[in-house]
2 protein chains.
Amino acid sequence: MTRTTYHHGALRQALIDGAREILAEGGHEQFSLNEVARRAGVSTAAPYRHFSGKDELLAAVAEQGYATLHASLERASADTADVRERLLRLAGAYVRFAHDHPDLFVTMFRSRPGADPVGHDSFEVLLQAVVDAQATALIPAKPSPELMARSIWATLHGLAVLSLRQPHQRFGMDEPPEDLATSTLSAMFGL
Amino acid sequence: MTRTTYHHGALRQALIDGAREILAEGGHEQFSLNEVARRAGVSTAAPYRHFSGKDELLAAVAEQGYATLHASLERASADTADVRERLLRLAGAYVRFAHDHPDLFVTMFRSRPGADPVGHDSFEVLLQAVVDAQATALIPAKPSPELMARSIWATLHGLAVLSLRQPHQRFGMDEPPEDLATSTLSAMFGL
DNA sequence: ACCTGAACACCGTTCAAGT
DNA sequence: ACCTGAACACCGTTCAAGT
């Protein structure tokens, strides 16, 4: 009920926050631009001063997601110098991100392609770890770092998506999400 | 404009077909239950005699997707007796399915979890190939078939999702979709 | 049994008007 | 410059009524 006057684009951030709130509560089913406006205490037309429409607001949410994911991966990567440990922590961090922020994760991979770099920065972090892992012969040097990183990225993404969808079936929740990633990766490369 | 009278649940299938048509044309953005009814030449209330609502119609579409995927994998699996070849063809078939039927693929993995077995049958096909591949020492016998199949499934799913999203970036379209899968798999296991 | 017609609350978006 | 109020076409869903 605090209908303070918004200034300097404070409404813009309030709308993004409100959108995340709704997505976290009820997912994309529940989401509506009118509801976002309502929560911010403004008219349904107000958001159009800050976003071209619903899609652009969701794109802004997705962008926050890319940034958050990148930060998570950087943190995991900086944690340790050991190459094997670093690779596994990166893997764990990716899947954990999806489980910690399903609202962001789903939004990131729902928006129409083209606009998003799908975590360009994030891919670079993984790529560097792969380069190092190949240099120390931890994993095969054969496919190029790019291709290898792509394969690993796809695996992590698949694990994240599938484990998010069916927690109790084959993509278990018995093990915590990051263990799912690390065990899968170490199984594939015999780490 | 053929407003024939529907009988014996012929409308049900007509609605599913119409839904697929719309999804194939304009994706989920474009989809609406009213539009489906319009295309079938019935009132907007008519679909409710056959489906509890929009979600149930989409679930029916998803089910057709699961069946189609399963059939594709069976066909790929039956094609050859050579274990290596079979595994690679299965991998190719999964990613190819996503590219051949993006409307089905997206719908399958969009519906709320719980209801779907995420291609229970399909997983069994892959599982069998993994069992055979482990038996002939084509791939490591170490992680259980279940875990190994899960890892491979996740990889294929990730490749499908990501290549569908960004055809021209890192998950290339230079190579046809099935090559993406086979090359990734052979890279991981050195096949 | 299956479908229509009309209605309801809600949505995304637009635009003239206010301050 | 930023927001409101009112409007538009459209959506998902319901329900009495028709055949």
Side-chain angles (χ1 to χ4, degrees), chain A residues 1-63 103 106-107 110-112 115, chain B residues 1-63 103 106-107 110-112 115:
Chain A
M1 291 295 125
T2 36
R3 180 190 278 257
T4 62
T5 301
Y6 290 103
H7 39 22
H8 347 314
L11 175 55
R12 191 190 139 90
Q13 189 56 46
L15 292 171
I16 295 177
D17 292 345
R20 290 197 54 181
E21 230 179 80
I22 298 173
L23 290 171
E25 283 173 25
H28 279 263
E29 248 81 307
Q30 231 66 4
F31 184 85
S32 105
L33 193 49
N34 287 4
E35 174 64 21
V36 174
R38 228 172 279 130
R39 293 205 185 197
V42 295
S43 78
T44 62
Y48 288 86
R49 288 297 124 189
H50 299 274
F51 302 99
S52 71
K54 187 190 178 186
D55 288 352
E56 204 173 287
L57 171 54
L58 286 173
V61 171
E63 232 173 287
D103 57 319
V106 170
T107 305
R110 226 175 198 250
S111 61
R112 273 260 161 262
Chain B
M1 289 297 125
T2 36
R3 181 190 280 256
T4 64
T5 301
Y6 290 103
H7 39 24
H8 347 314
L11 176 54
R12 191 190 139 91
Q13 189 56 47
L15 292 170
I16 294 176
D17 293 345
R20 289 197 54 180
E21 231 179 80
I22 299 172
L23 290 172
E25 283 172 25
H28 279 263
E29 249 81 308
Q30 232 66 4
F31 184 86
S32 104
L33 193 49
N34 286 4
E35 174 64 22
V36 174
R38 227 171 279 130
R39 293 203 183 197
V42 294
S43 78
T44 63
Y48 289 86
R49 288 297 125 190
H50 300 274
F51 302 98
S52 72
K54 186 189 178 187
D55 289 352
E56 205 174 286
L57 172 53
L58 286 173
V61 171
E63 232 172 288
D103 56 319
V106 170
T107 305
R110 225 175 199 251
S111 62
R112 274 259 160 261

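Hydrogens, waters and symmetry mates play no part in the numbers below; they use all other heavy atoms, side chains included. Reminder, nothing fancy here: chain letters follow the sequence lines and each chain counts from 1.
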Could you list, one pair per line, each protein nitrogen or oxygen that sits under 3.5 Å from a nitrogen or oxygen of nucleotides 11-15 of chain C, together with the distance?
unit_1, atom_1, unit_2, atom_2, d
dC11(C), OP1, Ser32(A), OG, 3.2
dC11(C), OP2, Arg38(A), NH2, 2.6
dG12(C), OP1, Leu33(A), N, 3.0
dG12(C), OP2, Leu33(A), N, 2.8
dG12(C), OP2, Asn34(A), N, 3.0
dT13(C), OP2, Tyr48(A), OH, 2.9
dT13(C), OP2, Lys54(A), N, 2.9
dT13(C), O5', Tyr48(A), OH, 3.2

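The minimum heavy-atom distance between Leu33(A) and Gly53(A), with the atom names listed, is CD2-C, 4.2 Å.
Taking NE2 from His28(B) and NE2 from His28(A), the interatomic distance works out to 13.0 Å, rounded to the nearest 0.5 Å. With rounding to the nearest 0.5 Å, the separation of CG in Asn34(B) from NZ in Lys54(B) is 10.0 Å. To the nearest 0.5 Å, the span separating CG on Leu11(A) from CZ on Arg49(A) amounts to 11.5 Å. Atom CD1 in Ile22(A) sits 11.5 Å away from atom CG in Asp103(A) (nearest 0.5 Å). Atom OG1 of Thr107(A) is separated from atom CG of Leu23(A) by 4.5 Å, given to the nearest 0.5 angstrom. To the nearest 0.5 angstrom, Glu21(B) atom CD is 5.5 Å from Glu25(B) atom CD.
Stem analysis of DNA chain D (Watson-Crick or G-U pairs, both distances under 3.5 Å, runs of at least three) returns C:4-8 with D:12-16, C:12-16 with D:4-8.
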